[in-house]
There are 2 protein chains.
Amino acid sequence: MARAGLSQEAVVDLALQAVDEGGPTALTLAAVAARAGVAIPSLYKHVRNLAELRALVSVRIMNELSDLLTEAVLGRSGDEAVRALMEAWRAYAVRHPHRYAAIIQAPDPATAQAGERLIGILLATLRAYGLHGSAAVHAVRCLRAMAHGFGVLEASGAFGLPEKLDDSYDLLVRMAISRLRTAR
Amino acid sequence: MARAGLSQEAVVDLALQAVDEGGPTALTLAAVAARAGVAIPSLYKHVRNLAELRALVSVRIMNELSDLLTEAVLGRSGDEAVRALMEAWRAYAVRHPHRYAAIIQAPDPATAQAGERLIGILLATLRAYGLHGSAAVHAVRCLRAMAHGFGVLEASGAFGLPEKLDDSYDLLVRMAISRLRTAR
DNA sequence: AGGCATTGGCTAATAGCATTAGCTTTAGGG
DNA sequence: CCCTAAAGCTAATGCTATTAGCCAATGCCT
């Protein structure tokens, strides 16, 4: 029998595909195996169990987001960088709502590391405001809470009113920026 | 055989208990039935299926939160009201992290209604700033994104650094308030 | 080239879950 | 006192993850 030529990478790819199409609850070993054209137990050769697969998916998503944020702040600084960062963040959540909804996982070492990378990007962006140490940490947490909260709510359809979401997000970003400038 | 004397209310009570102890994934018909001292299929006399039970739990949680927020703003207005509101919100998420994590559900009519009640409270609180119509809607969305984002991240243990979370949240609230005052 | 260990696939079996069907018993109102 | 509606039950189905153990393909080493 010809081998399918799977790998952990490939399995995670297919898992992401499943998430994109059916949301986080559609990430099932059966769905991934079907996509791979393989029997379910074969997946255990590449992944310890479903929990690990979920963690791997989460890490992949966080890294994807980190890449986009890095690209967004390249060549910018200060308010402009923060605005670009926040816009890129939301753009990712809007473009891949299901994927974004799958980002939250039980805390485990692998995802923690991916999360630290994300935080590092934010910290670097805030250096332009002269924020270091604890002040920067607090500011980063605020940016995360804002972007993540908006992303989660938007992705889950919690904003039902007809007002434009772009305008709401714009206000949110201005809330962040104005305080950052004075919080030096 | 003596009846257990269940009701939809009682089933939701037990479901909430299960969520509190084991998180959203612990909300299973088996767990609820065990708590009720009843066979699993008996639950279907009180609840259409697991999805409906989840929605009912979500509604219950949102209403609980709404009650707390209402109480928090009673007798206050303006900045003080917003600060009390945000503090109460976070306090709920901290006190019941698992419960808070179970709040997000697929959009359905019942939860939508509970969500509108929450939004109504926020809108009323913002009236003190002279915010009406669209401006108020945008501001409400920002408050929701901030409080919810922080709550989700804190409840899931995403804030690992030693800096005090109280201070981070305080900065977040100040970000909101300062812009609200000038956004009239 | 040939042997052989490693690897990646398989089938079969188990156990937990939700859901449905259909039966029995309880409780309470005429 | 009956008898109907509600609330419980058991049994059966089908989906899920997971484990055990088998077999074939791959590729390295001589």
Side-chain angles (χ1 to χ4, degrees), chain A residues 1-60 98 101-102 104-108 110-111, chain B residues 1-60 98 101-102 104-108 110-111:
Chain A
M1 171 167 301
R3 295 205 176 178
L6 281 184
S7 66
Q8 191 170 80
E9 282 286 301
V11 169
V12 174
D13 284 346
L14 298 173
L16 264 175
Q17 228 176 278
V19 167
D20 280 341
E21 290 183 17
T25 63
L27 171 44
T28 165
L29 291 184
V32 173
R35 273 165 219 277
V38 121
I40 297 174
S42 306
L43 297 176
Y44 285 83
K45 300 288 175 166
H46 305 282
V47 145
R48 191 148 33 88
N49 51 31
L50 179 61
E52 189 190 53
L53 179 55
R54 287 213 191 96
L56 289 171
V57 164
S58 185
V59 167
R60 178 77 77 82
H98 288 154
I104 282 289
Q105 299 295 336
D108 90 324
T111 57
Chain B
M1 169 167 302
R3 293 208 178 179
L6 281 185
S7 67
Q8 191 171 80
E9 282 287 302
V11 169
V12 174
D13 284 345
L14 297 173
L16 264 174
Q17 227 176 278
V19 167
D20 280 340
E21 289 184 16
T25 62
L27 172 44
T28 164
L29 292 184
V32 174
R35 273 164 218 277
V38 121
I40 298 174
S42 306
L43 298 176
Y44 285 83
K45 299 288 176 170
H46 306 282
V47 146
R48 191 148 32 88
N49 51 30
L50 179 61
E52 188 189 53
L53 179 55
R54 287 213 191 96
L56 289 171
V57 164
S58 184
V59 168
R60 178 78 76 82
H98 287 153
I104 282 289
Q105 299 295 336
D108 88 326
T111 57

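First the proteins, then the strands, lettered A, B, ... as listed; each starts at 1.
The side-chain heavy atoms of R60(A) and D13(A), taken from C-beta on, include a pair separated by under 4.5 Å. Side chains of V32(A) and I40(A) form no contact here, defined as non-hydrogen atoms less than 4.5 Å apart.
Whole-Å rounding puts the E52(A) CD to dT19(D) P distance at 12 Å. Between R54(B) atom CZ and dC17(C) atom P the separation is 13 Å, expressed in whole Å. Straight-line distance from the CG atom of L50(B) to the P atom of dA18(C): 6 Å, rounded to whole Å. Computed from coordinates, the N49(B) CG to dA21(C) P distance equals 13 Å when rounded to whole Å. Between the CD atom of Q8(A) and the P atom of dG8(C) there is a distance of 11 Å, rounded to whole Å. With rounding to whole Å, L29(B) atom CG is found 9 Å from dC17(C) atom C1'.
Listed pair H46(B) / dG8(D) meets the phosphate criterion, a side-chain N or O lying under 4.0 Å from OP1 or OP2. Phosphate contact (OP1/OP2 of dA18(C), side-chain N/O of T28(B), threshold under 4.0 Å): present.
Closest of all the heavy-atom pairs between H46(A) and L6(A) is NE2-CB, 3.4 Å.
For the contact set between residues 30-45 of chain B and DNA chain D, defined by any heavy atom under 4.0 Å, the members are V38(B), A39(B), P41(B), S42(B), K45(B).
Counting non-hydrogen atoms of other residues, nucleotides and ligands closer than 6.0 Å to CD of E9(B) gives a total of 12 or fewer. For E21(B), the CD atom counts as densely surrounded, since its 6.0 Å shell holds more than 12 non-hydrogen atoms of other residues, nucleotides or ligands.
Rounded to the nearest 0.5 angstrom, L14(B) CG and L43(B) CG are separated by 9.0 Å.
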